[in-house]
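Basis for what follows: all heavy atoms, side chains included, without hydrogens, waters or symmetry-related copies. Heads up: numbering here begins at 1 and tracks the sequence. Keep in mind it's a predicted model, so treat the numbers as computed, not measured.
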Amino acid sequence: MTMQTRIEQALSLLQPQHLSVADESHMHSRGEHTHYKAVVVSERFLGLNSVKRHQLVYGTLGELMGQFHALALHTYTPEEWAAVGAAPASPVCAGGH
């Protein structure tokens, strides 16, 4: 099972209305699967600021957090997601390619 799949399965515990996990390692590291981007839309984020949302995601990922280098995290309530419709693009890392 890939790390991407493992992250997706763990984040499904947040009962997301939308979930996407992308392996962005090609933009950062040479041949290693270390950088991921997750977009999570969940009612569980209602009333939580971004720090609390990220803490909830990190807690949900648990021990997986120590098995990759970076996670670009974009968290939205369903209402916020309806308004923005997409997460921002990730920048290319200066050490990547």
Side-chain angles (χ1 to χ4, degrees):
M1 180 181 325
T2 67
M3 181 58 65
Q4 181 176 346
T5 301
R6 294 172 68 197
I7 293 169
E8 288 170 347
Q9 287 182 344
L11 293 180
S12 70
L13 296 174
L14 294 174
Q15 301 173 315
Q17 292 184 8
H18 172 83
L19 172 64
S20 68
V21 177
D23 184 343
E24 294 188 332
S25 300
H26 65 281
M27 296 166 48
H28 303 275
S29 55
R30 295 165 183 86
E32 296 180 26
H33 296 278
T34 57
H35 290 68
Y36 297 88
K37 174 181 179 177
V39 179
V40 188
V41 179
S42 175
E43 294 278 353
R44 300 275 307 273
F45 298 139
L46 284 171
L48 299 180
N49 65 27
S50 61
V51 171
K52 295 289 186 190
R53 292 177 186 194
H54 288 207
Q55 289 172 339
L56 178 59
V57 170
Y58 299 151
T60 301
L61 289 171
E63 49 98 41
L64 283 179
M65 286 297 298
Q67 297 181 30
F68 52 87
H69 177 71
L71 178 65
L73 191 53
H74 304 278
T75 57
Y76 302 93
T77 65
E79 293 76 18
E80 291 166 345
W81 183 247
V84 298
S90 296
V92 176
C93 179
H97 310 321

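Atom OG1 in T60 sits 4.0 Å away from atom CG in L14 (nearest 0.5 Å). A distance of 7.5 Å separates CD of E43 from OG1 of T77, quoted to the nearest 0.5 Å. In this structure, NE2 on H74 lies 13.5 Å from CD on E80, to the nearest 0.5 angstrom.
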side-chain contact (heavy atoms from CB on, under 4.5 Å) between Q17 and W81, worked out
CA-CA 10 Å; Q17 292 184 8; W81 183 247; over 6 Å; no

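Side chain of Q4 to main chain of V21: a donor-acceptor pair is present (N/O by atom type, distance under 3.5 Å, no hydrogens or angles). At least one donor-acceptor pair under 3.5 Å links the side chain of S25 to the backbone N or O of H35. In terms of modelled atom types and a separation under 3.5 Å, the side chain of S42 and the main chain of F45 share no donor-acceptor contact.
Exactly one residue among V57, T2, L61 makes a side chain to side chain contact (heavy atoms under 4.5 Å, CB included) with I7. That residue is L61.
By the 6.0 Å contact criterion, CD on E79 is enclosed, its count of non-hydrogen atoms from other residues, nucleotides or ligands being greater than 12. When the shell of 6.0 Å around NE2 of H54 is examined, it contains more than 12 heavy atoms from other residues, nucleotides or ligands.
Between Q67 and M3, some side-chain heavy-atom pair lies under the 4.5 Å cut-off. Considering only heavy atoms from C-beta on, V41 stays 4.5 Å or farther from P16 through its side chain.
When all heavy atoms of P88 and Y76 are compared, the closest pair comes out as CD-OH, 3.6 Å. The two residues A87 and K37 have their closest heavy-atom pair at CB-CE, 4.3 Å.
Note on L56 and L71: same hydrophobic cluster, where clusters join Ile, Leu, Val, Met, Phe, Trp and Tyr whose side-chain heavy atoms are under 4.5 Å apart, directly or indirectly. Both L19 and M65 are assigned to one and the same hydrophobic cluster, defined by single-linkage of ILVMFWY side chains at heavy-atom distances under 4.5 Å. Residues Y58 and F68 fall within the same hydrophobic cluster, defined by Ile, Leu, Val, Met, Phe, Trp and Tyr side chains chained together at heavy-atom separations under 4.5 Å. Residues V40 and L64 share a single hydrophobic cluster, defined by chaining ILVMFWY side chains whose heavy atoms lie under 4.5 Å apart. Two different hydrophobic clusters hold L48 and V39 under the rule that ILVMFWY side chains link at heavy-atom gaps under 4.5 Å.
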